[in-house]
Amino acid sequence: MSDVAAVQDDNPAGETRSVPLDCCGGLNNVDYSKMDLTLIEGLLKHTNFHDSSFYVAVVAIIFNPFFWNVVARWEHRTRTLSRLFGSPYLACYCLGFIIILLNVYRSHSMTVAMRSQAKWEVMDRTDVFYAGVALMVLGTVLVVGSFLALGFTGTFLDLGTKMINCRCCLTGDYFGILMDEKVTGFPFNITENPMYWGSTANYLGLALIGASPVGLVLTAIVAVFYAAAIRFEGPFTELIYQERSQRRKHE
């Protein structure tokens, strides 16, 4: 017999009484029809998903981590780029430079998409603007701090390993240029993924400053693909360091 039926049996007069939610029943007891989705509906209403600039930005967001993961793993298996350039360091610098250009283009495509679509009056406020400025400052500090802590060869793939206390790669890892010890200082004492989340904070801040609903959507896509990249890249980078440890034991 259901809980509602039990209440009705105890109430012969047929009066309707509300039944309290069972907290142990989890989300099954939540009435989603009563959720306030006004902001989400407004966000979707003010976003033009058929705009060509939106598609270009999404492709750039997806392509970047796909490209550097495919190329980096290919290099790790074959060392083709290292042989082609005559040095793993030179090959790493060239790939890092290409990754920088791809990230610049991604930022440009997202900016174009934000400017091509209308602002949302709900976001067009002074407090939202300054919140965006604060996020961009925070994001820049995380990104620049990561670069200074890791150096060029330790920055541009945004992967990482628990062995160095960051999931922020290490282009050098795939070229055999490995770090000897953990990076435990700032900003890795704040988050394991400062390059990823600093970049995400920058995009979110830019969207808030521009009162751009499509900017929020694109930032969410960036965050989703960064989270997926972390789960995909982390174990492989750890494997690289495990292989080095095994080689050292046999030496």
Side-chain angles (χ1 to χ4, degrees), residues 27 30-68 97-147 155-158 167-168 187 190-231:
L27 297 178
V30 177
D31 186 356
Y32 294 99
S33 64
K34 296 183 180 180
M35 295 179 62
D36 186 1
L37 302 177
T38 304
L39 288 178
I40 296 178
E41 291 174 352
L43 174 65
L44 298 178
K45 179 181 178 181
H46 288 81
T47 302
N48 181 8
F49 294 99
H50 302 289
D51 182 18
S52 60
S53 62
F54 173 78
Y55 289 127
V56 171
V58 171
V59 170
I61 291 169
I62 297 173
F63 177 78
N64 284 13
F66 174 80
F67 168 80
W68 64 59
F97 181 70
I98 292 173
I99 292 173
I100 292 174
L101 292 180
L102 287 174
N103 286 338
V104 169
Y105 180 75
R106 177 183 60 186
S107 299
H108 169 73
S109 64
M110 292 178 66
T111 301
V112 170
M114 292 181 199
R115 290 177 177 174
S116 67
Q117 298 198 26
K119 294 184 177 182
W120 189 14
E121 61 277 3
V122 172
M123 299 173 59
D124 198 7
R125 295 162 34 187
T126 303
D127 55 343
V128 174
F129 176 87
Y130 285 113
V133 172
L135 281 171
M136 292 199 70
V137 171
L138 173 62
T140 301
V141 169
L142 290 177
V143 171
V144 174
S146 300
F147 182 83
T155 299
F156 287 104
L157 277 194
D158 293 316
R167 291 177 181 257
C168 193
I190 297 178
T191 173
E192 288 186 342
N193 313 283
M195 288 292 291
Y196 275 141
W197 303 130
S199 178
T200 303
N202 280 334
Y203 290 131
L204 179 57
L206 187 62
L208 294 180
I209 290 174
S212 173
V214 71
L216 296 180
V217 174
L218 291 173
T219 301
I221 296 174
V222 169
V224 168
F225 277 90
Y226 271 169
I230 290 169
R231 295 179 63 87

> When you look at Tyr105 and Val56, which way does the side-chain contact (heavy atoms from CB on, under 4.5 Å) test go after all the steps?
Replying inline: CA-CA 10 Å; Tyr105 180 75; Val56 171; 3.4 Å; yes
> Does the side-chain contact (heavy atoms from CB on, under 4.5 Å) test come out yes or no for Trp68 and Asn103, once each step is laid out?
Replying inline: CA-CA 11 Å; Trp68 64 59; Asn103 286 338; 3.7 Å; yes
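- Of the possible polar contacts, one joining the Gln117 side chain to the Asn48 backbone as a donor-acceptor pair under 3.5 Å is found.
- We find the CZ-OH distance between Arg106 and Tyr203 to be 3.5 Å, quoted to the nearest 0.5 Å.
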> Could you go step by step and tell me if Met110 and Val222 meet the side-chain contact (heavy atoms from CB on, under 4.5 Å) rule?
Replying inline: CA-CA 10 Å; Met110 292 178 66; Val222 169; 4.1 Å; yes
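- Nearest heavy atoms, Val214 versus Ala113: CG1-O, 3.6 Å.
- Counting only distance, with no hydrogens or angles, the side chain of Asn64 and the backbone of Leu102 share a donor-acceptor pair below 3.5 Å.
- Using cut-offs of 30° and 60° for the angle between ring planes, the Tyr226 and Tyr196 rings count as tilted.
- Within a 6.0 Å sphere centred on OH of Tyr55, heavy atoms belonging to other residues, nucleotides or ligands number more than 12.
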> Would Phe54 and Leu218 satisfy side-chain contact (heavy atoms from CB on, under 4.5 Å), going step by step from the backbone distance to the final call?
Replying inline: CA-CA 8 Å; Phe54 173 78; Leu218 291 173; 3.7 Å; yes
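- Note that the CG atom of Leu135 and the CG atom of Leu138 stand 6.5 Å from one another [nearest 0.5 Å].
- The closest donor-acceptor contact from the side chain of Ser199 to the backbone of Met195 lies at 3.5 Å or more, if one exists at all.
- For Phe66, the CZ atom counts as loosely surrounded, since its 6.0 Å shell holds 12 or fewer non-hydrogen atoms of other residues, nucleotides or ligands.
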